[in-house]
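This report concerns only the one structure given below.
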Protein chains: 2
Amino acid sequence: MKEKRTLQSVQKLLLAFFRQNRRMPSFSEMVDLLGVRSKSVVNFWIEKLIEARILEKDGKGHLSFTKQAFAIPRVGSIQAGFPSPEEEVLSDAISMDEYLIARPDASFLLQVSGDSMTGAGIMAGDLVIIEKGRAPKTGDIVVAEVDGEWTMKYFQKQGKQIVLVAANPRYPDIRPRSELRLGGVVTAVVRKYHG
Amino acid sequence: MKEKRTLQSVQKLLLAFFRQNRRMPSFSEMVDLLGVRSKSVVNFWIEKLIEARILEKDGKGHLSFTKQAFAIPRVGSIQAGFPSPEEEVLSDAISMDEYLIARPDASFLLQVSGDSMTGAGIMAGDLVIIEKGRAPKTGDIVVAEVDGEWTMKYFQKQGKQIVLVAANPRYPDIRPRSELRLGGVVTAVVRKYHG
DNA sequence: TTGACAACAGAACGATGGTTCTATATACGG
DNA sequence: CCGTATATAGAACCATCGTTCTGTTGTCAA
């Protein structure tokens, strides 16, 4: 039985290749990938994909995916009426890496343990993205070393005094003496449900 | 004044190009990119980057970034002792897209409004990633249409009866009659702090 | 059966890609 | 000042790339 080639199936194959190799396949590679025997067939599909704004080609014939091809669709809010899969608004589609991490070279991940920030919606096991070298403002969540121990707290500035407040009221406020080593500012929280 | 080229600066330039064009620059393009005038200089740096496991080359000379080049470093948990930026463990580095979204073509994003899932650490304004066509298990968070309205709730199966429970106890449990249209299962939560 | 059309095969072509080699410029220690 | 090492320049080379053209196969309606 012969698989019928469709725009979606071709796009899927190319995307799979890209995700694995982090580059576009060449026309010759696509010949194998699509299971055809001629580059002109590949060219036919490539033009279709360009027309569909999934691929784009610069002046010298270099292929690349559009932003749209990577992103996953983003629909409105739940209470505003939940659209059916067919009427998804594809116009506003984003990539997680791009959305979450503004400065990749100054950021790192940290796995949270403990319940001191549960009130802020940061649970044990969550991953937080921390940006180094950013000046915290009051209300920001920071990672700091206070008296030899690292903790994650709300940052507050009362006059000249700095106060670190936990979201969980069971934990006391911390007023560091002079030494406050700042690990960074929490810019995002990420939680993945196993499965 | 002439900028000294370093491994980091070259990597940064190439990464910037990649992020913008979603493909590797060619050697000729790198000549312009690095501000040199010969491809052999480019080749010199490429080899350095390959040695540093930032780039890799397949049999036919096709360049691509390694996984490592994209990912941001992940350090241990806070309470386990917070490493300084110098001693970051780079071995376990992940990309957000890859980490969060197992099936990109079956997933979409939804912005949360309301406080019905606050107890589960899902706040208003958060972005949830929803996977379609997955069979929910008890304890999963699902998006479902109950009697004409879309909501996000815990999924529970008591015998043959399905119960939708909010994390916020102020909301009553929902026991749908027969019609329960399932939008999908929440596989991840993402929150970005503005700034 | 035939005609029309779409999908595909295959080869030829010029341009560009990465590679390699040799020559020149710069920095630095003695 | 000299000699050595390192970084850069420039040119030549061929495999591969994407492009294009012509011809073949397959499908479906009349």
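Heavy-atom basis, side chains included; hydrogens, waters and symmetry copies ignored. We name chains A, B, ... by the order of the sequence lines, and we start the count at 1 in each one. None of these values were measured; they are calculated from a predicted model.
The shortest side-chain heavy-atom distance between A:Leu109 and A:Val128 does not fall under the 4.5 Å cut-off.
A donor-acceptor contact closer than 3.5 angstrom is absent between the side chains of A:Tyr99 and B:Asp97.
As a whole-Å value, the separation of B:Phe44 CZ from C:dC21 P is 17 Å. Rounded to an integer number of Å, the gap from B:Trp45 CH2 to D:dA7 C1' is 9 Å. Atom CG in A:Leu14 sits roughly 12 Å away from atom P in D:dG18 (whole-Å rounding). Rounded to whole angstrom, the span from the CG atom of A:Asp32 across to the C1' atom of C:dC8 amounts to 16 Å.
Formation of a donor-acceptor pair under 3.5 Å by the B:Asp126 side chain with backbone atoms of B:Met123 is found in this model.
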Contact letters for nucleotides 14-20 of chain C, in which S counts primed atoms plus P, OP1 and OP2 and B counts the base, heavy atoms under 4.0 Å: ---SBBB
Salt bridge (charged side-chain N to carboxylate O under 4.0 Å, His left out) between B:Glu29 and B:Arg23, worked out: CA-CA 12 Å; B:Glu29 287 169 322; B:Arg23 67 173 175 87; 3.0 Å; yes
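Considering every non-hydrogen atom in both A:Ile72 and B:Ser107, the closest pair reads CB-O, 3.9 Å.
Ion pairing between a basic and an acidic side chain is recognised when a charged N comes within 4.0 Å of a carboxylate O; B:Arg134 and B:Glu131 show such pairing.
The shortest distance between the side-chain N/O atoms of B:Arg37 and the OP1/OP2 oxygens of D:dG10 is below 4.0 Å.
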